[in-house]
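Whatever order the structure lists them in is the order used to number ligands and atoms, beginning at 1.
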Amino acid sequence: MKTHFKNSIIFFAFLILLVSCNEKGFSPAELLTVSEGFTNPIGFYDADPTFSWKLPVSSNSKTQSAYHIVAASSPDLLPDKADLWDSEKQQSSQSIFVKYNGKELVSSQKVYWQVKYWNQEDKSSEWSAVNHFELGLLKNSDWQARWIGLPTAKDADTSDRGSIIHKPQYLRKDFEIPENIASARLYVTAKGVFDAWINGEDVSNDVMPPGWTPYQKRIETITYDVTHFVNSGKNTLAFELAPGWYAGRLGWSKEYWKTSSSPKILSQLEITLKDGSKKVIISDDSWKATNNGPIRFSEIYDGEIYNANYEIPKWNKPNYDDSAWQQVLVENIDTDVRLEPKRHHPVKQKLTLQPKTIIGQADASVIFDLGQNMVGVPLVKVPVKKGDTLKIRFSEMLSPDGSFYTQNYRSAKSTDYYIAKADETIQWSPKFTFHGFRYVELSGYDQSQKPTKDWITGLVQYSDFEQKGSFTSSQEKLNQLQSNIVWGLRGNFFDIPTDCPQRDERLGWTGDAQVFAPTSIYNADVHAFWASWLESMRDSQYENGGIPFVVPDVLKNNNVSSGWGDAAVVIPWEIYFRTGDESILEENFEMMKRWVQYHKDTSNDFISRMNSFADWLQPYPVKGGTKGDTSKELIGTAYFAHVSKLTAQAAKVLNKQKEASEFETLYQNVAHAFENEFFNDNGEIKDNQGTQTGYLLALGFDLLSNEKKQKAIPHLLEKIEEADNHLRTGFLGTPLLSKVLDDIGRIDLMYQLLFNETYPSWFYSINQGATTVWERWNSYSKTEGFSKEKMNSLNHYAYGAIGQWMYERIAGIAPLEAGYKKIRIAPRPHEPLTSASGSLDTPYGKVSSSWKYIKGEFSLEITIPSNTTALLSVLYNDINDVTLNGVKINNDKNIKIVEQKDDEVVIEVSAGKYTINSKF
Ligand code: RAM
């Protein structure tokens, strides 16, 4: 009996061994992406791509010990006959941004790739699914097409600002294709913005492509897969074209439009036939155009005018007689303007909003309230009478007396018109403009009809990225703040990061962008978005290393500002740290260095003399004005030190040891000079010049000796107390409050500032009805209405920079090593919160942290993604109360305690899900 039992054990063990030997491997890598997170892109920009993948969540794949990537020109060659690249097995835990190291890739090339990995026990996974990417036209010389368009400057509208607004154009070309089409690609871009049509069908739902870059340096091109649009036989390729950001009025300069010429299209349709031969239809002098179509006028600030009486039936289909149209003018491709495939996602319509209420007006108009300040266009489905003009106006907020308020748009007319050709219910949206609004006012509709909510839909448009983070808590206003931050992000990530989306500005202000970048990347997948804008910043850097106020630089005033230009260093560093992508440092390192050099060149003995917007819009400025009470010298010097330090860190990552130590020394020198110049022996800012922001910069950027630092802290606290425990900070100071108060152990005070209900505070604007973050803490009040200041946007993300801390310390998720290879989970619950949760898709997978804190009992659930580790910090009164998955932590040898203090324990955990309990 015994022997029999033994034999069967041996038999089963043998069987298990056999099965595991036969096993092909376990679950493959998932969610493969190239470069800044692209999944199977076409028209891809990067001929030197990087590869990333995620390990599935399972105990089999806690960490990666090695990987193997193969890339080929055809999927049939994978995995064994990879003709482009075979990385072979590489002993490495790197699973993100692995550099391609194969044969040189060329324009339009299609690449197939897959990966497998080995786990912590050196067991290999199966090969992943085959992914692919297809390059766009990488070089100007790939274009046979030429720029085409009508000369629209001569009969353009003149606006009251003295700018000229070019009339929209319609362009078309008929062509024939034999049978046997294998594939078709439309490579296209515009000096202006366009919509492409083939045989009467809209080729894509991109909004205002190609987007906004410094057109004198670089224009982004787009690739559409149009295989299913092109027919054997007769075809028509057609475009609508409007000035967009290229021409027209932008910024404050009456001269801006002079930097551009009439809008133009560049189009190259490449059709591959089944026999491998190619037919190429290019934009050239054979095209016809008219500017006598229904879109009479379209401009970003002012809106769009559509006259249905000018509609041209079937203009974008074959057999249309275009003999009365004009021949286009043709221009060669400029050799010094780079044509590059768009490196981030175009703007799309991402969400829709329905009106919450309809407010009838005495004057035959009606107002629709969408309940949310948004950016995009309305879809109007409205009954109209022939010949009538439907007028559509927008507003972010009504005046307290209910009247329609548009003054804060300043000179932006932000009004759309539709002129009716028949008695009918129209369905229409403007195409080449956008608005920032919550309220829509209609007049000129069929007065015999009673307005209903379905007359208006808000089409929310922003760059096509996905939300990847979430934050929620037990406190309603904090959740509203999170919602306001996310809406501010949506509204202002319209191809470039804008200060505001509604008034006659909408520019890429660098200061706003640098303070908001970390929060943006907690909430959304904006890696590629920032990488693209940084390329525009490089293109805009002045000869002397200065960085313009806005990118693209439409203000062209050669002036720079500390805290603004510093975006050139802060953003590459932040994006690197939060994604782990070294390419963003590689690409921008020269720009970073040149900016630091500019600081050096404009300072005296390390003390900044740079111009500055300073602590922009600080409340209660003693001297009045918009620049707050912290001197530009103090701010400039603090930033000089800070960006020297970040550049040193970047140099270290890039293995440039010599430069790393040079910039480190520079940082030390500037910090030293800063302390001597601005601080007295008592750790106080000299000459009674102390401000919250002055202390925050010194402490937040680590600019004081240890001794001075300890002495400075009480002065900061004094400043906050003097302000009745309220903030007195503007754009630059506010984001540092949370970091500094946290670092000095005063999280309680940060919570107090965050939960303040009175001016100035985040909740103050929420109490006044804010559904987005405002430019000023008091942009609007229920009792007094709009601030008297003309510069008053209700959708300005800068103060939303607090979102970073909400993830880091309320939910408790922060990167410790670049890309979240090592994660810190360290929530700090505080009354009145009883719960909070955050989650985030890191480059390695999803991390989440969710806690409850009721009557001193704390419970926390976390998820740590594969191929990472986390340091988990838990507070306690008694260490015996702390359990991890039900096990007392001080009893279990398998639990790795990294640090233990009187009230806090730090535990290292690997990938997996955990529940933690404690009391404090
Ligand atoms: C305003 C912008 C922006 C700010 C600059 C200094 O016009 O709206 O937010 O950065 O000024």
Side-chain angles (χ1 to χ4, degrees), residues 161 249-253 256 300-301 373 375 396 407-412 414 436 484-485 488-489 491-494 496-517 519-520 533 537 540 546-568 570-571 610-619 621 624-630 632 635-636 639 693 729-736 760 765 770 772-780 786-802:
R161 280 207 150 193
R249 68 191 194 96
L250 268 188
W252 311 316
S253 157
Y256 172 70
I300 288 175
Y301 293 161
N373 199 9
V375 175
E396 293 192 285
Q407 261 121 289
N408 71 331
Y409 293 164
R410 300 194 302 213
S411 79
S414 194
N484 292 3
I485 291 169
L489 193 161
N492 285 294
F493 278 47
F494 202 99
I496 64 148
T498 59
D499 59 330
C500 59
Q502 73 296 67
R503 68 179 177 220
D504 54 354
E505 194 155 357
R506 316 186 197 186
L507 307 178
W509 281 94
T510 46
D512 311 42
Q514 66 100 351
V515 298
F516 190 64
T519 298
S520 73
W533 189 60
M537 193 182 287
S540 309
I547 296 287
F549 297 161
V550 296
V551 172
D553 182 17
V554 291
L555 303 179
K556 296 211 179 299
N557 56 9
N558 268 301
N559 286 329
V560 295
S561 163
S562 62
W564 270 249
D566 294 287
V570 173
I571 297 178
M610 202 188 289
N611 183 30
S612 189
F613 291 110
D615 198 20
W616 190 245
L617 301 186
Q618 173 218 303
T626 47
K627 295 190 173 180
D629 297 320
T630 313
K632 65 178 195 305
I635 289 175
Y639 264 95
T693 294
T729 49
F731 279 25
L732 298 183
T734 305
L736 289 168
S765 60
T772 33
V773 176
W774 292 347
E775 184 169 24
R776 299 168 184 271
W777 301 106
N778 59 350
S779 284
Y780 177 92
F786 282 84
S787 152
K788 299 286 166 288
E789 306 292 340
K790 277 184 102 184
M791 191 187 72
N792 189 24
S793 140
L794 298 194
N795 198 350
H796 233 74
Y797 55 50
Y799 290 140
I802 187 65

- prompt: Has Arg506 got any heavy atom lying under 4.0 angstrom from an atom of ligand 1?
  reply: no
query: Quick one: which of Trp564, Phe731, Phe613, Trp616 has a heavy atom closest to atom 11 (O) of ligand 1?
result: Trp616
query: Do Thr626 and Glu789 come close enough that some side-chain heavy atom pair is under 4.5 Å?
result: no
- request: State which residue, out of Glu775, Glu396, Gln502, Arg503, fulfils the side chain to side chain donor-acceptor pair (under 3.5 Å) condition with Asn408.
  value: Glu396
query: At a non-hydrogen distance cut-off of under 4.0 Å, which region of Phe549 contacts ligand 1 (side chain, backbone, both, or neither)?
result: neither
- request: Show which atoms of ligand 1 fall inside a sub-4.0 Å distance from at least one heavy-atom site of Glu775.
  value: 8 (O)
statement: ligand 1 atoms nearer than 4.0 angstrom to some heavy atom of Asp499 are 2 (C), 3 (C), 8 (O), 9 (O)
- prompt: Against heavy atoms of Asp512, which atoms of ligand 1 measure under 4.0 Å?
  reply: 3 (C), 4 (C), 9 (O), 10 (O)
task: For residues Trp509 and Phe731, establish whether the separation of their ring centroids is below 6.0 Å.
output: no
message: Quick one, Leu489 and Thr519 - any side-chain contact, counting heavy atoms below 4.5 Å?
response: no
message: Check whether Arg776 reaches the backbone of Pro619 with its side chain - one donor and one acceptor, N or O, closer than 3.5 Å.
response: no
statement: Nearest non-hydrogen protein atom to atom 7 (O) of ligand 1, with distance, is Glu505 OE2, 2.6 Å
- prompt: Numbering the atoms of ligand 1 from 1, which are under 4.0 Å from a heavy atom of His796?
  reply: 3 (C), 8 (O), 9 (O)
task: Check whether any side-chain heavy atom of Lys627 lies under 4.5 Å from a side-chain heavy atom of Trp616, and answer yes or no.
output: yes
